[in-house]
Structure formats: C-alpha cells, structure tokens
Amino acid sequence: MKNILIIGATGQIGSELTMTLRGIYGNDHVVCGYIPSAAPKGILLESGPAEICDVTDPEAIAAVVKKHNIDSIFNLAALLSVVAEGKPKLAWKIGIDGLWNVLEVARENGCAVFTPSSIGSFGPGTPPVKTPQDTVQRPRTIYGVSKVTTELLSDYYFIKYGVDTRSVRFPGLISYVTPPGGGTTDYAVDIYYSAVKGEKFICPIPQGVYMDMMYMPDALHACVQLMEADPAKLIHRNGFNIAAMSFEPGEIFAAIKAEKPDFEMEYQVDELKKSIATSWPDSLDDSCARAEWGWKPEYDLQKMTKHMLQKLSEKLL
Ligand code: SER
C-alpha cells in the first residue's frame, strides 16, 4: 500500500483507520474520503488530504483515485444492521451498488480493495459456536444479505479480473473514539459511556445472548496485517473470520463492575435487536486467519475494559 483512499473515513472504523494508516504510510499518502453530511474535522481534516467521495458516485471515486494515484481502497461505507432494517433500499444502494462502483474503479485502475464483512453475514442456520470459516451463512437481515453479497462479489472480482480483494468478518467493534451508529452490538460501547458518566445502563440485549466483540486497536491491526499479507499464503480472501472475545451482557457488566463497584444495569430488551443478535453466532473460529496471515488479537474483555474506562474518563470527565 503506497497511496490509500478510505471511503467512509469519518465513520466508526474510518476515523481511526485513517490516522493509523497515516502514521504508517505518511500523512500525504492517505486520503480521507467523506460525504458532505459527515465532513472530517480536527486532526482528521488537518493531518492529510481529504476529498468528497460518495460511494454511490462512480465518477467521484474514479476522479479521486486518479488525482491521488491511489493503489489501495478501504471501502467502509455502510449502514449498520439496525438502521439498515429501517432503510433496506438505501442499505443496498450503499452496500452493493456502492461496492460495484468501487470494484469497477479498482479494476480499471489496478487498486487493491478491502470491504469489511461481519458476524452479521451469518444467520440462524449457521453453527453458532466456533462458527467455521466456510459454512452456512443465510442471514435474515438486509445488512447480512449485503455482507454475504460483498464477500461473493469481492471474490468474483479477484477470480475473474485479478482485483486484489481481501476482507475480514468484523465482530462488534468497541472504541472510545468515534461511536458506532445503529448496530446491534452498539450496546457494548454504550455500556462504557454509562459507566463513566455514573449512569445506570439500560441494556437492550437479553441476558445470555453471546456475540463476538473486538477492541478497535485489534481491528485496525487486522486491516493493515491482512492487506500487507503475502498473497501466496492466502487460501481465502473475502472474508476471514477474526475473533478476540465473546461475551453476553452479564459478563461485560461484571467486568465493568469489577472496576466500578457502584455501576448498575437493568434489562429493557429491544425486540429488533434481540432478533438480530440471536440470529448471529456466539463465537467465530478464526483459525484460517491465524494460519494464513498471522492474525492474533491483543485485547481480551478485562484488558479492554481497563483501557476503555481510563480513556473514556479522560475524554468525558
Ligand atoms: N457491529 C455491526 C452491527 O451491529 C455488526 O457487524 O450492525
């Protein structure tokens, strides 16, 4: 990766990935691609190039790629699972028509492409515990349908046109920097905000519902490590299972309470989130990612909790 375009660079992953990649490849070599309603501010805007780059506008993507001599695209534009259920057509337009635009520009300009998939690409027919890399997917959400299509279309462009597409299936991502917007796993971020603010947390996910989660530094590391991996060693491409921790609400609550004994939580289950969460796996088997490109997470629930509480306290208090 020499010249990189991040589409959706002001979102939950993009805002941190842009800064991480600028640190590795140089500020001028990483373009922050954004839409006007989510324009970059502060360090994101000031530290390097920024361009309007709407994933639904193929000419705009092509123009930015040519202007900055881009060789690698991180396509992070997406609606998360809960929001997408309310706007399925827009979810398709961004997730699939948008992906098509990116892959076509990549094919014409020789770019590598990373487009995340997710635990949301699985469904109720998937083996839920230690979900294998290659297994039944059949998701029930439009988010999942778009993620399975993303995996297949990305593989297709690699097989048919030789476009260097690679991706991971992200779990719920937890960070103190940019909040997620409208995902099923967002509760595992919101709970830390409540804890630091000294508020009781109202949990929308039922007790006992496990989902895979990951601290953002590990997710960022996965992006870089996979895109830098030796292609000769990649048996899979789109998308690799990666895992770091799996917990249910009672367990993250207990981890926080160990640090903040006064913290309280009450369940008020959200039926849409419940139906999505229970259709996703409890935990993924990430052995292919470990074997093919050396994936290894650093943070477990306890280590993440200490770091999150410290960083959020610095931010909010
Ligand atoms: N975090 C996403 C969501 O909850 C899943 O990948 O929608």
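For clarity, every value in this text was computed on a predicted model and none was experimentally measured. Note that ligands are numbered from 1 as they come in the structure, with each ligand's atoms numbered from 1 the same way.
- Applying the salt bridge (Lys or Arg N to Asp or Glu O under 4.0 Å) criterion to Arg22, with sequence neighbours excluded, gives no partner residue.
- With sequence neighbours left out, the salt bridge (Lys or Arg N to Asp or Glu O under 4.0 Å) criterion links Asp286 to Arg290.
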Sub-3.5 Å pairs, protein N or O with ligand 1 N or O:
| residue | atom | partner | partner atom | Å |
| --- | --- | --- | --- | --- |
| ligand 1 | 1 (N) | Thr185 | OG1 | 2.8 |
| ligand 1 | 4 (O) | Thr184 | N | 2.6 |
| ligand 1 | 4 (O) | Thr185 | N | 3.0 |
| ligand 1 | 4 (O) | Thr185 | OG1 | 3.3 |
| ligand 1 | 6 (O) | Ser118 | OG | 2.6 |
| ligand 1 | 6 (O) | Tyr143 | OH | 3.0 |
| ligand 1 | 7 (O) | Ser81 | N | 3.0 |
| ligand 1 | 7 (O) | Ser81 | OG | 2.6 |

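- With hydrogens and angles ignored, the 3.5 Å screen pairs no side-chain donor or acceptor of Ser167 with any backbone N or O of Ser117.
- By the salt bridge (Lys or Arg N to Asp or Glu O under 4.0 Å) test, Lys257 pairs with no residue at all, sequence neighbours left out.
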- [ ] Walk me through it: do Glu85 and Ile276 pass the test side chain to side chain contact (heavy atoms under 4.5 Å, CB included)?
- [x] CA-CA 10 Å; Glu85 283 306 294; Ile276 296 173; 4.2 Å; yes

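- The environment of Lys87 atom NZ is sparse: at most 12 non-hydrogen atoms of other residues, nucleotides or ligands sit within 6.0 angstrom.
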